[in-house]
Amino acid sequence: MNYGFVKVAAAVPHVQVADCFYNIQQMEGLMRQASDKGVQIIAFPEMSVTAYTCLDLFAQQALLKNAEQALLKLVSDTADLNILTIAGAPLVTENRLINAAVAFQSGKILGVVPKTYIPNYKEFQEQRWFTSATELRDKTISIGDRTYPLGSHLLFTAGQVKVGIEICEDLWVPVPPSSLLAMEGANILVNISASNELIGKHHYLRSLICQQSARCMAGYVYASAGFGESSTDLVFAGNGIIAENGTLLEESPRFTMQEQLVISEIDIENLQNDRQVNTSFMHGASTLLGGETITIPFALSENSGQPVLTRSVDPHPFTPSGDALKERCEEIFQIQVAGLAKRIVHTHSRTAVVGISGGLDSTLALLVTVMTFDALNIPRNQILGITMPGFGTTDRTYTNACDLIRSLGVTLKEISIKDACLQHFKDISHNPSVHDVTYENSQARERTQILMDVANQKNGMVIGTGDLSELALGWATYNGDHMSMYGVNGSIPKTLVRYLVEWVAHNRVDEASRATLLDIVDTPISPELIPADENGNIKQKTEDLVGPYELHDFFLYYFLRFGSSPAKIYFLAQQAFSDSYDKETIRKWLHTFFRRFFQQQFKRSCLPDGPKVGSVSLSPRGDWRMPSDAMATLWLKEIEELD
């Protein structure tokens, strides 16, 4: 297993009803295609050996005898393939017929899972032929001249990979077998199905699969019957769907007359991390599970070298695309506004004080504050937007700050920090021509002091502007911009801040504000604590110093959301940013990220309150509690040893 990825496939073969040997020939072809592509686990539809729509032919001994022989031939003919295969077939046991999923690998049958819930309503009449797993007494089944494990609680295991199987209707009941299989350890769930098409049914099916994969914190591989099944009364469109923890990874086109092979990778490491973090996942397991699980080992084929991913790796995991972005932006603002509104009402604040620099973060904080005052029916002019030009302030950012404050109807106040800082340098005997950390941080702290004192004067509240990315890197002056009375941006990464501001520009403001906001979006990110260059342009660019925020946000997401190792993050980053950064650049900034993340925890240990917005947060009161003096040695060593 490489970085936790297991390559899986949902196969939809072309079948002919009751023509078992034709069907297994098609299945073998798909198995060999999948093996050539590095697939380690493959699933075929329900009754794939015979086809699902045999109806009363299932009572014919000729069909059942040949189905068994065809199954054994398929197992034997693919003995050279080390791919775990799950196929559907009718099998006889205890004088009864079962709708079975047969798991086999390398020429050997490993076990048989009978269908638990046998539908018998409307177009379904399976109880006419088949018996439920709950009615079986035996724990083994004879196929040919050998016996194999039989039961709905079989777990096929290879190290961390644990595969559980259910069949079609099993997914649609209130408590699917896969729910219990997941608690028993299954992290890849396979459903072999023959689900007919109805108007609106496919949309519900997709949501059902995604929800079940999320509820079980598992990968879910769904293979359903397609072209070739009888169309006497029903139509089968062929569905191959692969999901992981609520996310649809890949699916086949429907209503095609061609065979389908849908391939993706399930990230077992991420799933296991989520299960360990979510302490509710196994709650009640001792009561719910009856100890019936039978563990059957199989060999997970290993592909040499790094895994070749077919699933995409989003370079911007915090920012959705398309229509989802609009919905996400609206929801984020609603969360921020609701949090700030409660705090303003609770503290009886008469105004809000926001330091406006003309940069992204302070712009977002101001927009949230304006929306909050609108929601509380408080006039916007009771918001105090303070611009505090200093030694590094450029005309562009100063003008944007003032224009935005005015166009939003906020009260503008300008307080230069230059004289105060020069006096401070004199007081502490610091040479103002030395542009060191003292020179920079003095300006940040002077600005914070102004904001706090004005808030006291006006019976107001200082709204924090710092974002999640800055907190992760410690790119904030301790007790300077690090501090506020309520930090509305504290769990929003820099890459998302940019999208939020741009979204407001296009959807929520007038033309004057829109032009200013779009120019702010295009302005280089800078604390502006160093004087501008000879042309009056920003000289101190943050991303030149600490690295690209899109990389750091990517690192942060996988480190906090999944607990991923540096090596895995490095691998994923190469997939995501192959067109943007070379390997050495990624490794350089990955080292910077972990070095700064560990060094700067002391700043995160005393953060002001602020609303949690997404799945990743650094609040010391909830999501991230870490010793301020923890060592980064293990993480940095792993990065240094990367190839």
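Position 1 is the first residue of the sequence; numbering continues from there. Bear in mind the structure is a predicted one, so any value in this text is a computation, not a measurement.
R514 has a carboxylate O that lies under 4.0 Å from a charged side-chain N of E511, or vice versa, which qualifies the two as a salt bridge. Between E640 and K637, no side-chain nitrogen of the basic residue sits less than 4.0 Å from a carboxylate oxygen of the acidic one, so the salt-bridge criterion is not met. Salt-bridge formation is detected for the pair K568/D267: a Lys NZ or Arg NE/NH1/NH2 atom is positioned less than 4.0 Å from an Asp or Glu carboxylate oxygen. Ion pairing of R498 with E502 is absent here, as no side-chain N (NZ or NE/NH1/NH2) approaches a carboxylate O to less than 4.0 Å.
With hydrogens and angles disregarded, no donor-acceptor distance shorter than 3.5 Å links the side chain of Q336 to the backbone of P611. A donor-acceptor contact shorter than 3.5 Å links the side chain of R604 to the backbone of L471. Looking only at distances, no side-chain donor or acceptor of T397 sits under 3.5 Å from a matching main-chain atom of T393.
Atom-to-atom distance recorded for R625:CZ and S619:OG is 8.0 Å, nearest 0.5 angstrom. Going from atom CD of E269 over to atom CZ of F5 covers 8.0 Å, rounded to the nearest 0.5 Å. Rounded to the nearest 0.5 angstrom, F554 CZ and H316 NE2 are separated by 10.0 Å. In this structure, the separation between CG on D403 and CD1 on I356 is 13.0 Å, given to the nearest 0.5 Å. Interatomic distance, CG of D629 versus CE of M631, reported as 9.0 Å (0.5 Å rounding). If you take SG on C216 and CD on Q211, they are separated by 11.5 Å, rounding to the nearest 0.5 Å.
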task: For the pair R328 and E331, evaluate salt bridge (charged side-chain N to carboxylate O under 4.0 Å, His left out) and give the outcome as yes or no after the intermediate values.
output: CA-CA 5 Å; R328 178 72 59 86; E331 189 173 20; 5.3 Å; no

Does F594 form a ring pair (Phe, Tyr, Trp, His ring centres under 6.0 Å) with F559? I'd like the steps, not just the answer.
CA-CA 10 Å; F594 277 101; F559 176 56; 5.0 Å; yes

Salt bridge (charged side-chain N to carboxylate O under 4.0 Å, His left out) evaluation trace for K326 with E330: CA-CA 6 Å; K326 178 179 182 293; E330 289 178 344; 2.9 Å; yes

- [ ] Take N489 and D361 through the side chain to side chain donor-acceptor pair (under 3.5 Å) test and state the conclusion after the steps.
- [x] CA-CA 7 Å; N489 296 341; D361 292 341; 4.9 Å; no

- Item | Steps toward side chain to side chain donor-acceptor pair (under 3.5 Å) verdict (Q160, N187) | CA-CA 9 Å; Q160 276 194 311; N187 43 33; over 6 Å; no

- request: Test side-chain contact (heavy atoms from CB on, under 4.5 Å) on M452 and M485 and set out the steps.
  value: CA-CA 9 Å; M452 292 289 183; M485 295 176 182; 3.6 Å; yes

Between S617 and S491, is a side chain to side chain donor-acceptor pair (under 3.5 Å) present by the stated rule, with each step listed?
CA-CA 5 Å; S617 171; S491 65; 5.2 Å; no

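There is no side-chain donor-acceptor pair under 3.5 Å between E244 and S213. Donor-acceptor pairing under 3.5 Å is recorded for the side chains of S357 and S362. Between the side chains of D427 and Q423, at least one donor-acceptor pair of N or O atoms lies under 3.5 Å. In this model, no donor atom of one side chain and acceptor atom of the other lie less than 3.5 Å apart for T516 and D519. Y3 and E265 share no side-chain donor-acceptor pair at under 3.5 Å.
The one candidate from V462, T465, L384 that meets the side-chain contact (heavy atoms from CB on, under 4.5 Å) condition with L451 is V462.
Side-chain contact between R350 and K458: absent, with no pair of heavy atoms (C-beta onward) separated by less than 4.5 Å. R380 places a side-chain heavy atom less than 4.5 Å from the side chain of D374. Side-chain atoms of Y570 and I639, non-hydrogen and from C-beta on, never get closer than 4.5 Å to each other. K494 is not listed as a side-chain neighbour of H552, based on a closest heavy-atom distance of 4.5 Å or more. Residues W589 and T585 form a side-chain contact, since some pair of their non-hydrogen atoms from C-beta on lies under 4.5 Å apart. At a threshold of 4.5 Å between non-hydrogen side-chain atoms, the residues D436 and Y439 count as touching.
Here the closest heavy-atom approach between residue S513 and residue L408 is recorded as OG-CD2, 3.9 Å. Considering every non-hydrogen atom in both A420 and E446, the closest pair reads CB-OE2, 3.5 Å. The heavy-atom pair separating L551 from I586 by the smallest distance is CD2-CG1, 4.4 Å. The two residues S442 and C421 come nearest to each other via the heavy atoms O-SG, 4.2 Å. The minimum heavy-atom distance between I492 and I332, with the atom names listed, is CD1-CG2, 3.8 Å. Residues L518 and A505 come closest through the heavy atom pair CD2-CB, 3.8 Å.
Taking the six-membered ring wherever Trp is involved, the centroid distance between the rings of W624 and F597 falls below 6.0 Å.
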